[in-house]
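All remarks here apply to the structure that follows.
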Amino acid sequence: MSSLRTYKLTAYEKTGKLITEETFTAENDDSAKEKGHALLEEKNLLEQTHRLASPAGKLLLFHV
């Protein structure tokens, strides 16, 4: 059984104001990317500046 890792998703307005900041768990970077993309889509934030960071600080999703 693999252990879950904690990922952090943030989205910003063009002004730099934070729109959302969420943490969630996933088994690996690929599932985290899928989950992060789904969250952004659900909140209609795909076109906003956003990033998804792994526990190691690696950017998995990034959009300006």
Side-chain angles (χ1 to χ4, degrees):
M1 183 173 174
S2 59
S3 60
L4 293 177
R5 299 166 58 194
T6 302
Y7 294 82
K8 187 171 187 178
L9 177 69
T10 50
Y12 301 88
E13 292 180 359
K14 295 293 180 204
T15 61
K17 181 178 181 237
L18 183 67
I19 298 172
T20 189
E21 179 176 79
E22 296 194 29
T23 55
F24 62 86
T25 56
E27 288 187 13
N28 56 46
D29 290 356
D30 288 335
S31 9
K33 284 198 314 197
E34 288 176 24
K35 200 168 185 176
H37 189 273
L39 281 169
L40 289 165
E41 198 169 36
E42 178 185 304
K43 295 174 178 285
N44 200 24
L45 296 174
L46 284 173
E47 295 306 313
Q48 294 291 341
T49 299
H50 62 263
R51 68 178 175 230
L52 173 63
S54 75
K58 178 178 170 189
L59 284 179
L60 303 176
L61 292 176
F62 185 73
H63 177 76
V64 179

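Side-chain contacts under 4.5 Å among hydrophobic residues (ILVMFWY), followed directly or transitively, place F62 together with L59, V64. Its side chain within the 4.5 Å cluster rule, L60 clusters with Y7, L9, I19, F24, L39, L40, L45, L46, L52, L61 among the Ile, Leu, Val, Met, Phe, Trp and Tyr residues.
Considering only heavy atoms from C-beta on, Q48 stays 4.5 Å or farther from H63 through its side chain. The shortest distance between side-chain heavy atoms of K43 and E22 falls below 4.5 Å.
Closest approach of S31 and A26 over heavy atoms only: C-CB, 4.2 Å.
Under the salt bridge (Lys or Arg N to Asp or Glu O under 4.0 Å) criterion, K33 pairs with no residue, sequence neighbours left out. When the ring pair (Phe, Tyr, Trp, His ring centres under 6.0 Å) test is applied to H37, no partner is found at least two apart in sequence or on another chain. Residues that satisfy the side-chain contact (heavy atoms from CB on, under 4.5 Å) test with K14, not counting sequence neighbours, are T49. When the salt bridge (Lys or Arg N to Asp or Glu O under 4.0 Å) test is applied to K58, the partners found at least two apart in sequence or on another chain are D29.
Put simply, NZ on K8 and CZ on R51 are 7.5 Å apart, with the number rounded to the nearest 0.5 Å. The CD atom of E27 sits 6.0 Å away from atom CG of L4, with the distance rounded to the nearest 0.5 Å.
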